[in-house]
Amino acid sequence: MSTILVFAEQQDGVFKKAGFEVVSQARKLADESGADVVAVAIGSGIEDKTGVLGEYGADRILLADDEKLENYNPETYKNVFVAAARDTKAEILLFSATTTGKDLAPRIAAAMDSSMASDCIGIGLNDGKLNVDRPLYAGKVFAHIVIEGNPQIASLRPNVFEAVKSREGQNVSAEKISLPDLASKISVIEVRRSGGDKLDVSEAEIIVTGGRGVRGPEHFDIIEELAHSLDAAVGATRAAVDAGWRPHEDQVGQTGKVVSPNLYILCGASGAIQHWAGMSGSKCIVAINKDENAPIMKKADYSIIGDLFEVVPVMTAEVKKFRE
Ligand SMILES: Cc1cc2nc3c(=O)[nH]c(=O)nc-3n(C[C@H](O)[C@H](O)[C@H](O)COP(=O)(O)OP(=O)(O)OC[C@H]3O[C@@H](n4cnc5c(N)ncnc54)[C@H](O)[C@@H]3O)c2cc1C
């Protein structure tokens, strides 16, 4: 029986929803093909947290738990995952296209001399080969790719695939794997989290983004208030980031983060192609712009023609009323 090996990403001992999405998708592929889903959990002090991976569909959980693995280190994580892939003779390796996944998956493909497709928005199996869809040229075209080689490697765009507890209550205990040499030329001295506990745009289900139309950092509080009322993350266009109004980690787009939330509210932004490249996968797009001819107004699901300084506070008040 073949094996689909999944990188179950965690941070501070908390497994990420993006990882559950990949385990769930691996479960689907495995049900169609008779393969096993094996999740690899790498970290420190995470042994009692891995059980949930079984609920999302992992048949086995391989645990690499060591103080030296507390923080993501590209070299040691790569070595651990490659060892697990070789041990299990996995034919398919899946990752989430998070910041960590985007860094790790290509390193593993290079180390195993195999091929990979990144940031996929569709995935299936045909004749035992992984078939994926991924956007190219800032989302202007979509490529259908058949991945050759062994193992076949892909990373999946977060928030595109559903995280499904298909085996709720299933108790899979973690198997400790023998660790390769964890010596590394790279050492993580300190991890500084920008923005504290702020919700990251690439993981948020709702995002409220502000553009140049917000007119300055001092006005972003109205964007933040709407975001807060919706439990949403705050995003920014490159114009807002380049002007120094928002940190780069908030930037959505071709040179920022790629997001696929359920709801994307774009305030005072034109919807340039480079911004569209980062948010076109949003399930519902609401644009607020005073120019009815701004490019985003034709593409959005709901276009509100108006001054954001009037529209956004009204929306916030209505959301608050609704949620009371
Ligand atoms: C190689 C490259 C990479 C890039 N990568 C990115 C990227 O990752 N992300 C990104 O966002 N951009 C990116 N850009 C920049 C992109 O081309 C646009 O310049 C940028 O997205 C514009 O930002 P904006 O929509 O906020 O500003 P603008 O295009 O200036 O639009 C502002 C909008 O606000 C509206 N507006 C003004 N006042 C109000 C108001 N009071 N109420 C309502 N609406 C109002 C205006 O009508 C206008 O439509 C990239 C460009 C290049 C060349």
Side-chain angles (χ1 to χ4, degrees), residues 97-99 101-103 118-119 121 134-141 157-160 194-195 198-204 206-227 229-230 232-261 263-282 284-319:
T98 56
T99 308
K102 278 183 186 163
D103 187 69
S118 59
D119 205 24
I121 55 167
R134 61 181 304 269
L136 295 175
Y137 304 116
K140 277 190 175 160
V141 295
R157 183 177 283 190
N159 270 335
V160 170
S194 52
K198 171 174 111 169
L199 186 57
D200 190 272
V201 281
S202 54
E203 287 168 28
I206 305 177
I207 299 171
V208 185
T209 287
R212 204 193 309 267
V214 178
R215 291 206 310 248
E218 67 278 17
H219 301 304
F220 255 87
D221 55 347
I222 68 161
I223 304 294
E224 271 166 2
E225 260 185 66
L226 177 58
S229 72
L230 289 163
V234 175
T237 64
R238 180 161 160 179
V241 171
D242 283 354
W245 303 347
R246 300 298 295 181
H248 182 258
E249 76 215 23
D250 291 356
Q251 186 180 315
V252 173
Q254 190 181 324
T255 44
K257 289 182 178 161
V258 175
V259 299
S260 315
L263 175 61
Y264 192 83
I265 305 177
L266 188 57
C267 315
S270 55
I273 184 70
Q274 295 89 354
H275 188 75
W276 180 251
M279 42 65 78
S280 60
S282 307
C284 178
I285 299 169
V286 177
I288 304 161
N289 199 305
K290 59 183 185 183
D291 176 6
E292 63 181 298
N293 295 316
I296 193 62
M297 300 305 261
K298 286 190 192 76
K299 294 174 174 170
D301 297 287
Y302 298 95
S303 300
I304 302 172
I305 304 163
D307 186 333
L308 73 93
F309 292 98
E310 288 166 18
V311 176
V312 174
V314 172
M315 282 173 91
T316 308
E318 288 300 317
V319 172

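Computed over heavy atoms, backbone and side chain alike; hydrogens, waters and symmetry mates excluded. Just follow the structure's listing: the first ligand is 1, and inside any ligand the first atom is 1.
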Ligand-residue contact atoms, ligand 1 with Gly306, heavy atoms, under 4.0 Å: 42 (N), 43 (C)

Atom 41 (N) of ligand 1: nearest protein contact (heavy atom, Å): Asp307 OD1, 3.0 Å

Protein heavy atom at shortest distance from atom 2 (C) of ligand 1: Arg238 NH1, 3.5 Å

Proximal ligand 1 atoms for Lys290, defined as those under 4.0 Å from one of its heavy atoms: 37 (C), 38 (N), 39 (C), 40 (C), 43 (C), 44 (N), 45 (C)

Non-hydrogen side-chain atoms of Gln254 and His275 separated by less than 4.5 Å: no

Heavy-atom side-chain proximity of Ile285 to Leu263 below 4.5 angstrom: no

Stepwise salt bridge (Lys or Arg N to Asp or Glu O under 4.0 Å) test for Asp119 and Arg157: CA-CA 5 Å; Asp119 205 24; Arg157 183 177 283 190; 2.9 Å; yes

Check against salt bridge (Lys or Arg N to Asp or Glu O under 4.0 Å), Glu292 and Lys298: CA-CA 9 Å; Glu292 63 181 298; Lys298 286 190 192 76; over 6 Å; no

Sub-4.5 Å side-chain heavy-atom contact between Cys284 and Tyr302: yes

Carboxylate-amine/guanidinium proximity below 4.0 Å for Asp250 and Lys257: no

Short side-chain to backbone donor-acceptor contact, Asn289 and Cys267, under 3.5 Å: no

Beyond-backbone contact of Thr209 with Thr237, side-chain heavy atoms, under 4.5 angstrom: yes

Under 4.0 Å to a heavy atom of Gln254 - the qualifying atoms of ligand 1, by number: 7 (C), 8 (O)

Subset of ligand 1 atoms that lie under 4.0 Å from at least one heavy atom of Gly256: 8 (O)

Modelled atom types, side-chain donor and acceptor of Gln251 and Thr255, under 3.5 Å: yes

Ligand 1 N/O within reach of Val252 N/O, cut-off under 3.5 Å: yes

Minimum-distance protein heavy atom relative to atom 21 (O) of ligand 1: Ala272 CB, 3.8 Å

Min N/O separation Leu308 to ligand 1 under 3.5 Å: yes

Atom 49 (O) of ligand 1 - nearest protein heavy atom and its distance: Asn289 ND2, 2.9 Å

N/O separation below 3.5 Å, Phe309 to ligand 1: no

Closest protein heavy atom to atom 24 (P) of ligand 1, given as residue, atom name and distance to 0.1 Å: Thr237 OG1, 3.6 Å

Ring geometry between His219 and Phe309 (parallel below 30°, tilted from 30 to 60°, perpendicular above 60°): perpendicular

Enumerated ligand 1 atoms positioned under 4.0 Å from heavy atoms of Gly253: 7 (C), 8 (O), 9 (N)

Under 3.5 Å: N/O of Gly211 near N/O of ligand 1: no

Nearest non-hydrogen protein atom, atom 30 (O) of ligand 1: Arg212 NE, 2.6 Å

Asp291 neighbourhood, listing ligand 1 atoms whose heavy-atom distance to it stays under 4.0 Å: 47 (O)

Distance flag for atom 19 (O) of ligand 1, protein heavy atom under 4.0 Å: no

Closest protein heavy atom (residue, atom, distance) for atom 6 (C) of ligand 1: Thr255 OG1, 3.4 Å

Side chains of Arg134 and Ser118 in contact at under 4.5 Å (non-hydrogen atoms): yes

Nearest protein heavy atom with distance in Å, relative to atom 14 (N) of ligand 1: Gln274 CB, 3.5 Å

Heavy-atom side-chain proximity of Val259 to Asn159 below 4.5 angstrom: no

